[in-house]
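Proteins come first, then strands; the chains are lettered A, B, ... in the order of their sequence lines, and each starts at number 1.
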Number of protein chains: 2
Amino acid sequence: MESKLQQNKKIEMFYQRSKEHGMKITPQRTAIYEELLKAKDHPTADDIYKRIVKKIPNISFDTVNRTLLTFSKIGITNVVEGYGQAKRYDPDMDIHHHFRCIHCGSIIDFHSSEFDNITVPDEISKQFTVISKKVVLEGLCSKCRKG
Amino acid sequence: MESKLQQNKKIEMFYQRSKEHGMKITPQRTAIYEELLKAKDHPTADDIYKRIVKKIPNISFDTVNRTLLTFSKIGITNVVEGYGQAKRYDPDMDIHHHFRCIHCGSIIDFHSSEFDNITVPDEISKQFTVISKKVVLEGLCSKCRKG
DNA sequence: AACTATATAGTAATTATTCTTAATTGTCAA
DNA sequence: TTGACAATTAAGAATAATTACTATATAGTT
Ligand SMILES: [Mn+2]
Ligand SMILES: [Mn+2]
Ligand SMILES: [Zn+2]
Ligand SMILES: [Zn+2]
């Protein structure tokens, strides 16, 4: 459970980041941010839209979608696995790991026996059936960190 | 570089899996599989389609797309992070990890100091700027493993 | 209160995926 | 080797997801 204090701290952070990036604080943005903070289910833009339209009936989906993208861009929220682009296939079925460039989207294989051998926490293996485990690193590839 | 021997072994595996699942070996499927094996770039269905249409000019995108989905389903290939569904947002910016159910798509948070402290291989940190690192476990959630 | 850059709603366009249908083809048993 | 037949295909239509456009409205400043 999250305390009211921590919640307020996050709202503060949201105001701060917005100012830093010259973004205006609008009722829509505030509502979207608050709705997002409440979510524990890694919602889609459409999920957030459906929740928020009950309070702000004439808000547009585009505003929600654009705002969430903006939040991700300025580091207020993250996009989790599931990036909303086309599916990408990997013919290499051997255990390996990925580095993903957040700028150009390229996915680069690498191998690491340390990563291969991580042990799944009991908390997870008791509740769920784990079929695969992998480490995903994200950042900028060599090409993109120049630009 | 991959040896011709390993390549053939994979083709054998492909025939085997296809038979096991009562799937017919068609020229289209074989071509798609061979094209996929060549790819080192985690291609999209459209990428594969564009490469293959040069050899089989009247193949349809749907066949390529459907075939790749089938391959994933029977464990001939994998879909990598970025599953081609809607983007999903995560307001929790603290370091944590995810379990993702391959059946219902739910993403469940978990914490692990072991996972937080994995060290990025030099090979990667020298070439790239790593911004985030996380472990992604996949499998069946408690609800889905019943069904 | 007026100004102005940014944001918004509403809509259109684009991209990605899946479905429908009729024709074709791979597999297997005779 | 030859049908029978179920699986697969191409083509186009439909749906889902995302992004773009534009005229109007507003937050933040002066
Ligand atoms: Mn890979
Ligand atoms: Mn999370
Ligand atoms: Zn890059
Ligand atoms: Zn599930």
Side-chain angles (χ1 to χ4, degrees), chain A residues 11 14-36 42-74 76-77 79-89 105, chain B residues 11 14-33 35 42-74 76-77 79-89 105:
Chain A
I11 305 269
F14 162 62
Y15 286 143
Q16 165 117 33
R17 285 281 166 85
S18 300
K19 277 191 182 171
E20 279 170 22
H21 289 82
M23 287 168 52
K24 292 176 179 173
I25 312 287
T26 67
Q28 290 91 338
R29 278 201 180 137
T30 307
I32 291 165
Y33 185 67
E34 286 174 349
E35 197 61 56
L36 183 63
H42 308 87
T44 64
D46 193 58
D47 291 333
I48 294 287
Y49 172 71
K50 280 178 183 141
R51 291 168 202 177
I52 219 160
V53 78
K54 293 173 188 167
K55 295 173 198 165
I56 309 181
N58 74 326
I59 199 169
S60 71
F61 171 76
D62 182 55
T63 296
V64 175
N65 191 50
R66 189 171 19 77
T67 299
L68 289 170
L69 289 172
T70 306
F71 286 176
S72 309
K73 214 172 292 171
I74 67 173
I76 277 179
T77 187
V79 179
V80 297
E81 47 282 359
Y83 302 105
Q85 305 299 119
K87 284 187 187 66
R88 294 177 65 172
Y89 296 91
Chain B
I11 306 268
F14 162 63
Y15 287 143
Q16 165 116 33
R17 285 283 166 85
S18 298
K19 277 191 183 172
E20 279 170 21
H21 288 83
M23 287 169 51
K24 294 176 176 172
I25 313 286
T26 66
Q28 290 90 338
R29 278 202 180 134
T30 307
I32 290 164
Y33 185 66
E35 196 63 53
H42 308 88
T44 64
D46 193 57
D47 292 333
I48 295 286
Y49 171 72
K50 280 179 183 140
R51 290 168 203 176
I52 219 160
V53 78
K54 292 173 189 167
K55 295 174 198 164
I56 308 180
N58 75 325
I59 199 170
S60 71
F61 171 76
D62 182 55
T63 294
V64 176
N65 192 51
R66 187 171 19 77
T67 299
L68 290 169
L69 288 172
T70 305
F71 286 176
S72 309
K73 216 172 289 171
I74 67 173
I76 277 179
T77 186
V79 179
V80 298
E81 50 281 2
Y83 303 101
Q85 305 300 117
K87 283 187 187 68
R88 294 177 64 170
Y89 296 91

Which atoms of nucleotides 13-16 of chain D (N or O only) lie under 3.5 Å from a protein N or O atom, and what are those distances?
none

Tell me, do B:Gln85 and A:Lys87 make a side-chain contact under 4.5 Å, heavy atoms counted?
-> yes
What's the CZ-P distance between B:Arg29 and D:dA7, to the nearest Å?
-> 11 Å
Do the non-hydrogen side-chain atoms of B:Tyr89 and A:Val80 ever get within less than 4.5 Å of each other?
-> no
Considering non-hydrogen atoms only, spot the tightest contact between B:Ser72 and B:Val79 and give its length.
-> OG-CG2, 3.6 Å
C:dT6 phosphate, OP1 or OP2, under 4.0 Å from A:Gln28 side-chain N/O | no
May I ask you to test the B:Arg29-B:Ile32 pair for a side-chain heavy-atom distance under 4.5 Å?
-> no
Residue closer to the 5' end of DNA chain C, B:Gly84 versus A:Thr67 (nearest nucleotide) | A:Thr67
Distance flag, aromatic centroids of B:Phe14 and B:Phe71, threshold under 6.0 Å = yes
Check if the side chain of A:Asp62 and the base of D:dA20 share a donor-acceptor pair of N or O atoms closer than 3.5 Å.
-> yes
Donor-acceptor side-chain pairing of B:Ser60 and B:Thr63 below 3.5 angstrom = yes
Result for 5'-nearest mapping on DNA chain D, choosing between B:Arg88 and B:Ile59, is B:Ile59
Classify the side chain of A:Lys87 and the base of C:dA16 as holding, or not holding, a donor-acceptor pair under 3.5 Å.
-> no
